[in-house]
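Everything below concerns the one structure shown next.
Treat the numbers as computed from the prediction; the structure is a model and nothing was measured.
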Amino acid sequence: MITKEATEVAPAPVRETPEPPRAVKHRPSWDEVPRWQIYTPLSIYLVFTLIPFYWILLFALRPAGSTSLVPWPITFDHFKKVWTERAFGTYFENSVYVGLATLVMTTLVALAGGYALARFDFKVKNAFMLALLCSQFVPGALLLVPLFEIFAELKMINSLGSVIIAETVFQLPLSMILISNFIKNVPYSLEEAAWVDGCNRMTAFRIVVLPLLRPGLIAVGSFAFVHSWNHFLFALMFLNNQNKQTIPVGLNTLMSADSVDLGALAAGGIIAAVPVVIVFAFIQKWLITGFSAGAVKG
């Protein structure tokens with residue numbers, strides 16, 4: 001027998017009305033951005049960047065006493081003057097020697113110290129890393145007095161070796177941190193596999209790890225070279241003989257209290273800048289890769 005309760009139909013479930021989708025703010029892609037919004041600020045930046053370089057070329061290539069805004073007729077007398085009469089050839093050789101020696105010493109010491117920081121654990125590791133970071137806040141001028149006293153006791157004043165050691169010590173903290181971070185990005189299992197194959201730690205590092213560190217080593221070495229090439233303070237304080245001075249100190253000799261030879265100063269500045277520009281032009285790809293990889297993992 002069918003009861004009345006059984007014949008009652010259950011009420012249909014109430015369906016909730018779905019909320020309309022929220023409008024997603026459209027972000028214009030690179031192709032949708034008007035070209036004038038890209039090229040206008042870049043052009044303004046390029047003009048402000050190139051005007052000083054053009055001004056230097058203008059003074060270096062136009063004849064002495066000329067006020068023309070176009071370097072014509074072109075003359076190289078200012079380059080000949082600074083290279084021969086002002087001994088810029090000797091300054092150039094000294095700067096190359098200091099730069100290359102600083103590059104080699106900084107890279108080797110930073111490589112050894114960076115590997116120890118990346119692969120070994122010791123009690124004062126964190127304190128040592130903190131000391132390396134804090135050393136970056138110490139300006140080079142504060143190191144002049146103690147370094148001068150040390151080099152005077154070692155009879156290294158007026159020697160290029162004193163500048164090389166000072167530049168290496170000044171570059172080591174940052175270089176060691178970069179190299180250690182770069183080594184951490186190399187899987188430790190690669191070294192372990194080399195050990196299983198019979199290699200010792202040194203051989204495994206030379207065969208497996210060192211080839212992968214090429215971008216980092218180029219970045220650290222180029223940074224050390226450029227800094228030692230442009231650094232003025234150490235060479236000024238530790239080198240008294242004119243035959244031992246470097247290019248930054250040589251540029252300073254072109255300026256006196258009474259007058260400044262703008263043509264010779266501009267030519268000397270171009271001579272000082274050309275090697276750095278050439279170095280960066282050849283190692284730009286490795287430099288960006290090395291610094292980005294060394295800064296990702298710490």
field: Derivation of the side-chain contact (heavy atoms from CB on, under 4.5 Å) call for Ile179 and Leu117
entry: CA-CA 9 Å; Ile179 289 294; Leu117 292 174; over 6 Å; no
Verdict with reasoning, Ile270 to Phe79, per side-chain contact (heavy atoms from CB on, under 4.5 Å): CA-CA 9 Å; Ile270 293 176; Phe79 291 93; 4.0 Å; yes
- request: Check the pair Leu239, Phe234 against side-chain contact (heavy atoms from CB on, under 4.5 Å), reporting the backbone distance first and the verdict last.
  value: CA-CA 8 Å; Leu239 302 176; Phe234 290 155; over 6 Å; no
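Distance alone, capped at 3.5 Å, places no donor-acceptor pair between the Thr106 side chain and the Leu103 backbone. Between the side chain of Thr107 and the main chain of Val104, no donor-acceptor pair closer than 3.5 Å is present. Although no hydrogens or angles enter the test, the distance criterion places no donor-acceptor pair under 3.5 Å between the side chain of His231 and the main chain of Val163.
Under 4.0 Å is where a charged nitrogen must lie from a carboxylate oxygen, and between Glu85 and Lys80 no such pair does. Ion pairing between Lys81 and Asp77 fails under the 4.0 Å rule for side-chain N and carboxylate O.
How far CE of Met237 is from CZ of Phe151: 12.0 Å, rounded to the nearest 0.5 Å. One distance of note links CD1 of Ile157 with CD of Glu149; it measures 9.0 Å at 0.5 Å rounding. In this structure, the separation between CD on Glu153 and CZ on Phe148 is 11.0 Å, given to the nearest 0.5 Å. Remark: Ile56 CD1 to Ile51 CD1 distance equals 12.5 Å, nearest 0.5 Å.
The cluster map of Ile, Leu, Val, Met, Phe, Trp and Tyr, joined by side-chain heavy atoms under 4.5 Å apart, puts Ile278 and Phe225 in the same cluster. A chain of hydrophobic side-chain contacts below 4.5 Å, direct or via other Ile, Leu, Val, Met, Phe, Trp or Tyr residues, connects Met105 to Ile150. Under the 4.5 Å side-chain heavy-atom criterion for Ile, Leu, Val, Met, Phe, Trp and Tyr, Val209 and Trp195 are members of distinct hydrophobic clusters. Hydrophobic cluster membership differs between Val249 and Leu251, with clusters built from Ile, Leu, Val, Met, Phe, Trp and Tyr side chains linked at under 4.5 angstrom. No continuous path of ILVMFWY side-chain contacts below 4.5 Å connects Tyr39 to Ile44, so the two sit in separate hydrophobic clusters.
Across all non-hydrogen atoms, the minimal contact from Gly113 to Met176 is C-CG, 3.7 Å. Closest of all the heavy-atom pairs between His78 and Ala60 is CD2-O, 3.3 Å. For Ser162 against Phe238, the heavy-atom pair with the smallest separation is OG-CB, 3.6 Å. Residue Ser228 comes nearest to Gly99 through the heavy atom pair OG-CA, 3.3 Å, listed as atom of the first residue, atom of the second, then distance. Listed here is the closest heavy atom pair of Met156 and Gly161: CE-C, 3.7 Å. Of all the heavy atoms in Thr102 and Ala224, the pair that sits closest is CG2-O, 4.2 Å.
Looking at heavy atoms from C-beta onward, Phe76 lies in side-chain contact with Ile74 at the 4.5 angstrom threshold. A 4.5 Å side-chain heavy-atom check between Val220 and Phe182 finds every atom pair outside the cut-off. Considering only heavy atoms from C-beta on, Phe59 comes within 4.5 Å of Arg62 through its side chain. Using a 4.5 Å heavy-atom threshold, the side chains of Lys125 and Phe128 count as separate. Residues Phe205 and Leu111 form a side-chain contact, since some pair of their non-hydrogen atoms from C-beta on lies under 4.5 Å apart. Contact of the Ile271 side chain with the Val82 side chain is registered, since non-hydrogen atoms from C-beta on lie closer than 4.5 Å. Using a 4.5 Å heavy-atom cutoff, the side chains of Val208 and Thr203 are not in contact. In this structure, the side chains of Ile183 and Arg119 come closer than 4.5 Å at one or more pairs of heavy atoms.
Ring centroid separation for the pair Trp229 and Phe92 comes in under the 6.0 Å cut-off. Taking the six-membered ring for Trp and the full ring otherwise, the centers of His227 and Phe170 sit less than 6.0 Å from each other.
Enclosure of atom CZ in Phe232 by more than 12 non-hydrogen atoms of other residues, nucleotides or ligands within 6.0 angstrom is indicated. For Phe53, the CZ atom is loosely surrounded, since the number of other residues' heavy atoms within 6.0 Å does not exceed 12. Within 6.0 Å of atom OH in Tyr54, more than 12 heavy atoms from other residues, nucleotides or ligands are found, so the atom counts as buried in its surroundings. Crowding of Phe120 atom CZ: a count of heavy atoms from other residues, nucleotides or ligands under 6.0 Å exceeding 12.
Screening residues 235-252 for side chain to side chain donor-acceptor pair (under 3.5 Å) gives Tyr91-Gln242 as the qualifying pairs, with residues at least two apart or on separate chains.
For the side chain to side chain contact (heavy atoms under 4.5 Å, CB included) with Leu217, the qualifying choice from Leu108, Leu210, Leu178 is Leu210, the only one to do so.
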